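As the structure is a computational prediction, the values presented were derived from the model and not from experiment. Both ligands and their constituent atoms are indexed starting at 1 by order of listing.
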Amino acid sequence: MATDNLSAVVYAKNDLRLENRPVPEPGPNEVLLRMAQVGICGSDVSYWTKGAIGHFVVLAPMVLGHESAGVVAKCGKNVTSLKPGDRVAIEPGVPCRVCEFCKKGRYNLCPDVFFCATPPDDGNLCRYYTHAADFCLKLPDHVSLEEGALLEPLSVGVHACERGGVTLGSSVLVCGAGPIGLVNLLAAKAMGASKVCITDITENRLRVAKEMGADYTILVDTNDAEKLAQQVKEVMGGMPDKTIECSGAETSVRLGILGTKSGGTIVLVGHGPDEVKIPVVNAAAREVDIRGLFRYANNYPAALDMVASGKINVKKLITHRFKLEEADKAFETARTGAGGAIKVMISCE
Ligand code: 572
Ligand code: ZN
């Protein structure tokens, strides 16, 4: 067994280091994983560049990474579901299992969740990492470890579309064509949406969205949400039934309310300012439901099936690949979006 465990550790704002840590031992219900692929998420970049997201502050060194897949190296003594050599996607949030939310199956709302790379919990952008065996999903042979890592953001899209009630024939507006907007586009199409329109403030992202199956795109060049809602209606040939808001921008949240058909739903996926001005009476009087979203729960299996069956191609999200030793270059690429970066993937093998 190797003794080196090179790990990408954020110490504080703008202080990312590669350091060697001990190889951990799996607990009785855990597996030791040889990490394979880890995608960089916007939150990893924020912990690096800002040292915090909201109230979650990097107060002690923390290993980054939560979009990941690896290979089982060793099983804890109670583990029967996996064996050494199994390739798995890692669901990064392990809840307490006993609180009222866990018992209802809404374990994403558990207040005592361990979540990779959310302070103070270490992530898995490293060579070796231990994780609860029942939050590791075995991958079929034909699903790659890169695809396994991408089940994490894809699960956000699947959960958002479920929260929005996206179903056969839905017309859907997705606001924001970053990685999370794009996984929502993929999930919405796979879940039966007949038309998806996607918005963004950059042409390049809209071009990618179009290549990934968007039926319509709108370049946002104004803060006038009413004007944008009118534009959406014209482009889509009617107001969308559902809006999945992935930018967090005030204009976009306002667009999502004003632009959604009466009786429809807007799901708030993106996080922007803590408080925004919204046309609440418009939403109330037209029965436009405003729904929140927090990560995902029970969505990994469906996300995997969609990828394994070929209904969703997540590989198109990956624009850049780096080795763990090149973590600084990988993070810089993710931060700047240089070269049209969408999903930057790091190989830890
Ligand atoms: O892939 C899951 C994920 N969730 C994010 C961000 C990035 N990736 N969320 C937004 C930030 N919140 S949080 O509650 N927090 C920092 C823990 O503000 C979590 C969900
Ligand atoms: Zn993430």
Quiz item: Measuring to protein heavy atoms, does anything land under 4.0 Å from atom 5 (C) of ligand 1?
Solution: no

Practice problem: Mind checking whether E67 contacts ligand 1 via backbone (N, CA, C, O), side chain (CB onward), both or neither, at a 4.0 Å heavy-atom cut-off? | Solution: neither

Extract all donor-acceptor atom pairs below 3.5 Å that involve side chains of residues 206-214 and protein atoms in other chains or at least two apart in sequence.
residue: R207; atom: NH2; partner: N204; partner atom: OD1; Å: 2.7

Practice problem: Looking only at protein heavy atoms, identify the closest one to atom 2 (C) of ligand 1 and say how far it is in Å. | Solution: E152 OE2, 3.2 Å

Quiz prompt | Heavy atoms from other residues, nucleotides or ligands near CZ of R106 exceed 12 (cutoff 6.0 Å) | solution = no

Quiz item: Quick one: side chain to side chain donor-acceptor pair (under 3.5 Å) pairs with a partner in residues 300-321, sequence neighbours left out?
Solution: E146-R321

Exercise. Specify the closest pair of heavy atoms between M191 and C161, including all atoms of both residues, with the distance to one decimal.
Key: SD-CB, 3.4 Å

Quiz item: If you leave out waters, which protein N, O or S atoms are less than 2.8 Å from the Zn ion (ligand 2)?
Solution: C41 SG, H66 NE2

Self-check item: Under 4.0 Å to a heavy atom of T118 - the qualifying atoms of ligand 1, by number
Solution: 17 (C)

Self-check item: Positive for ring pair (Phe, Tyr, Trp, His ring centres under 6.0 Å) with Y107, one of F101, Y296, F135
Solution: F135

Exercise. Go through ligand 1 atom by atom and flag the ones less than 4.0 Å from a non-hydrogen atom of S43.
Key: 7 (C)

Self-check item: Partner of M345 by side chain to side chain contact (heavy atoms under 4.5 Å, CB included), out of I40, V38, L150, L145
Solution: L150

Quiz item: At what distance is the nearest protein heavy atom to atom 19 (C) of ligand 1, and which residue and atom is it?
Solution: F294 CE1, 3.5 Å

Practice problem: If you have a sec, work out which protein heavy atom is nearest atom 9 (N) of ligand 1 and how many Å separate them, to one decimal? | Solution: H271 CE1, 4.7 Å

Practice problem: Please could you name the atoms of ligand 1 that I53 approaches to less than 4.0 Å, counting only its heavy atoms? | Solution: 16 (C)

Quiz item: So is there a nitrogen or oxygen of Y296 less than 3.5 Å from a nitrogen or oxygen in ligand 1?
Solution: no

Quiz item: Can you tell me which residue and heavy atom of the protein come closest to atom 8 (N) of ligand 1, and the distance to 0.1 Å?
Solution: C41 SG, 3.3 Å

Practice problem: Give a yes/no verdict on whether any heavy atom in H55 is under 4.0 Å from an atom of ligand 1. | Solution: no

Quiz item: With respect to K261, which candidate in K233, R286, M239 satisfies the side chain to side chain contact (heavy atoms under 4.5 Å, CB included) definition?
Solution: M239

Quiz item: Are E234 and Y216 linked by a side-chain donor-acceptor pair shorter than 3.5 Å?
Solution: no

Exercise. For atom 16 (C) of ligand 1, find the nearest protein heavy atom and state the residue, atom name and distance (0.1 Å precision).
Key: Y47 OH, 3.4 Å

Exercise. State, without any angle test, whether D200 and T202 hold a side-chain donor-acceptor pair at a distance under 3.5 Å.
Key: yes

Practice problem: List in chain and number order the residues that pass ring pair (Phe, Tyr, Trp, His ring centres under 6.0 Å) with F115, two or more places apart in sequence or in another chain; answer none if no residue qualifies. | Solution: H66

Practice problem: Check the side chains of E245 and S247 for a donor-acceptor pair under 3.5 angstrom, ignoring hydrogens and angles. | Solution: yes

Exercise. Specify the closest pair of heavy atoms between C246 and N184, including all atoms of both residues, with the distance to one decimal.
Key: SG-ND2, 3.6 Å

Quiz item: Can you tell me which residue and heavy atom of the protein come closest to atom 3 (C) of ligand 1, and the distance to 0.1 Å?
Solution: H66 NE2, 4.1 Å

